[in-house]
Engineer: 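Please read through the structure below; I'll follow up with questions.
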2 protein chains.
Amino acid sequence: MKINLNKHVTIRPDTSQRRLLLSVMQEAEKHLDAKELYRRASEKDASISLATVYRNLHVFKEQGLINERHLGQARCFYEMKRLGEHQHLVCESCGQVTEFESPLLNKLIDEVQRKNNFFVTKVELYLEGYCHKCKEGKR
Amino acid sequence: MKINLNKHVTIRPDTSQRRLLLSVMQEAEKHLDAKELYRRASEKDASISLATVYRNLHVFKEQGLINERHLGQARCFYEMKRLGEHQHLVCESCGQVTEFESPLLNKLIDEVQRKNNFFVTKVELYLEGYCHKCKEGKR
DNA sequence: TGTTTGTTGAGATTGATTTTCATTCTCGTC
DNA sequence: GACGAGAATGAAAATCAATCTCAACAAACA
Ligand SMILES: [Mn+2]
Ligand SMILES: [Mn+2]
Ligand SMILES: [Zn+2]
Ligand SMILES: [Zn+2]
């Protein structure tokens, strides 16, 4: 289910749409889905197309500029890649997304790679449950 | 985006469609998506509807009989729940799905719950990369 | 037996994503 | 400066999984 990006093609690194989309991604304080990225980009360039958003999300992903995340929903969310991997905690009740890191995860992955003779290129740990507030409310 | 199953309704536990769907799930040697479950069930009862497959996947999930998994694709896969949690390794190249367990994961989750004051109800660790065979082939 | 309530099949609908296609842009060459 | 090839774009159509609607059906039970 990959988009048809024709691998034998040189990607032009810099178009006004790409610059706009990247700047919106960078300014974003949280994870954006394609539609929200489109909405925000449209405010600055009303003519941009949703197809261009999707196409460039693929390009950015291939270039390693952004991460694609699955946060419970069917649709994907995107965020700029940063130093240090992190994973997500999603509250079933209020939808709040919390980020966390743990050195244990790397340890786990090392072990899994060794035991299964597998080379890991992508890690996604998704935890769902109840956040601080919603946990209280449940009582 | 939940299906409308009307919570204040008593679920009738045993219909011929449910029995059929569960038996197909049990016989399955690997993870099935809704369409594949539908295809296999249709072989035994040509009149079964895809809507019934989806409806009952929700029922089985609520009853804790099956697990829903996200294996890279947008669509979901399902498998019978078994003793002992396990997670998945998916080969980017050949698509092979390998299952694994690690006690480190529980340790990690304990830590995350404590540090973030969060109550975890669902865990999904998805690792993608290259399996034994495909790793070799790459050289 | 008649009523109530849960279930089903078929088909329509939704929502996210991808593709198609005609047009436009970029950039190196003449 | 015109040109040509390749890459990118906008708009709209197509795809695909998942969900919903609704009339018919079946089980439970009064
Ligand atoms: Mn994040
Ligand atoms: Mn499994
Ligand atoms: Zn919450
Ligand atoms: Zn492989």
Side-chain angles (χ1 to χ4, degrees), chain A residues 1-24 31-63 65-66 68-78, chain B residues 1-24 31-63 65-66 68-78:
Chain A
M1 207 181 286
K2 276 233 165 144
I3 202 173
N4 180 13
L5 270 180
N6 192 350
K7 285 310 177 67
H8 304 292
V9 141
T10 321
I11 289 175
R12 189 173 295 149
D14 198 28
T15 69
S16 67
Q17 290 86 345
R18 282 193 188 143
R19 263 175 278 132
L20 172 57
L21 290 172
L22 269 185
S23 80
V24 172
H31 310 87
L32 302 180
D33 60 12
K35 204 166 144 196
E36 177 63 14
L37 174 55
Y38 172 60
R39 205 191 55 69
R40 296 190 190 190
S42 297
E43 285 176 3
K44 303 194 176 174
D45 171 1
S47 80
I48 200 168
S49 150
L50 183 56
T52 298
V53 170
Y54 276 105
R55 278 188 291 242
N56 283 310
L57 283 171
H58 282 272
V59 171
F60 299 155
K61 197 168 47 152
E62 295 230 337
Q63 293 175 337
L65 294 174
I66 63 173
E68 182 181 72
R69 302 295 199 161
H70 300 88
L71 301 178
Q73 321 278 304
R75 69 181 177 284
C76 295
F77 290 82
Y78 299 88
Chain B
M1 205 181 285
K2 275 237 165 138
I3 202 170
N4 180 14
L5 271 179
N6 192 350
K7 287 310 178 71
H8 303 293
V9 142
T10 321
I11 289 175
R12 187 176 299 150
D14 197 28
T15 68
S16 68
Q17 290 86 344
R18 279 188 191 146
R19 263 175 278 134
L20 172 57
L21 290 172
L22 269 185
S23 78
V24 173
H31 310 86
L32 303 180
D33 61 12
K35 204 167 143 195
E36 177 62 14
L37 174 54
Y38 172 60
R39 205 191 55 68
R40 297 190 189 190
S42 296
E43 286 177 1
K44 302 195 178 174
D45 170 1
S47 80
I48 201 168
S49 151
L50 185 56
T52 298
V53 169
Y54 276 107
R55 275 187 297 242
N56 285 310
L57 282 171
H58 281 272
V59 171
F60 298 154
K61 195 166 52 153
E62 296 229 335
Q63 293 177 337
L65 295 175
I66 62 173
E68 183 181 70
R69 302 293 198 161
H70 299 87
L71 301 179
Q73 322 276 308
R75 69 179 178 286
C76 295
F77 291 82
Y78 299 87

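Just so we're on the same page: letters track the sequence lines, and every chain starts at 1.
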Engineer: Examine D/dA18: is either OP1 or OP2 under 4.0 Å from a nitrogen or oxygen in the side chain of B/Arg75? Give yes or no.
Structural biologist: no
Engineer: Measure from CG on B/Leu20 to P on C/dT8 and round the result to the nearest Å.
Structural biologist: 11 Å
Engineer: List the residues meeting side chain to side chain donor-acceptor pair (under 3.5 Å) with A/His31, not counting sequence neighbours, and say none if there are none.
Structural biologist: A/Glu79, A/His88, A/Glu99
Engineer: For nucleotides 10-12 of chain C, give me every protein contact, N/O to N/O, under 3.5 Å, one pair per line with atom names.
Structural biologist:
none

Engineer: Run the side chain to side chain donor-acceptor pair (under 3.5 Å) test against B/Ser16 and tell me which residues pass, sequence neighbours left out.
Structural biologist: none
Engineer: Measure from CZ on B/Arg18 to C1' on C/dT8 and round the result to the nearest Å.
Structural biologist: 10 Å
Engineer: Distance check: side-chain N/O of B/Thr15 vs OP1/OP2 of C/dT8, anything under 4.0 Å?
Structural biologist: yes
Engineer: Can you tell me if A/Lys35 touches the phosphate of C/dA16, counting only side-chain N or O atoms and a distance under 4.0 Å to OP1 or OP2?
Structural biologist: yes
Engineer: Below 4.0 angstrom from OP1 or OP2 of C/dG9, is there any side-chain N or O of B/Thr52?
Structural biologist: yes
Engineer: C/dT17 phosphate, OP1 or OP2: any side-chain N/O from A/His58 under 4.0 angstrom?
Structural biologist: no
Engineer: Would you say a side-chain N or O of A/Gln17 is under 4.0 Å from OP1 or OP2 of D/dG10?
Structural biologist: yes
Engineer: Please name all residues satisfying salt bridge (charged side-chain N to carboxylate O under 4.0 Å, His left out) with A/Lys35, sequence neighbours left out, ordered by chain then number.
Structural biologist: none
Engineer: What residues form a side chain to side chain contact (heavy atoms under 4.5 Å, CB included) with B/Ile66, not counting sequence neighbours?
Structural biologist: B/Met25, B/Leu57, B/Phe60, B/Lys61, B/Tyr78, B/Met80
Engineer: State which residues pass side chain to side chain donor-acceptor pair (under 3.5 Å) with B/Arg39; sequence neighbours excluded, sorted by chain then number.
Structural biologist: B/Glu36, B/Glu43
Engineer: Please check the phosphate of C/dT8 (OP1 and OP2 only) for any side-chain N or O of B/Asn56 closer than 4.0 Å.
Structural biologist: yes
Engineer: So, does B/Tyr54 get its side chain near the phosphate of D/dA18, meaning an N or O under 4.0 Å from OP1 or OP2?
Structural biologist: yes
Engineer: Test side chain to side chain contact (heavy atoms under 4.5 Å, CB included) on B/Arg75 and B/Phe77 and set out the steps.
Structural biologist: CA-CA 7 Å; B/Arg75 69 179 178 286; B/Phe77 291 82; 3.9 Å; yes
Engineer: Can you check the B/Leu50 CG to C/dT14 P distance for me, whole Å?
Structural biologist: 18 Å
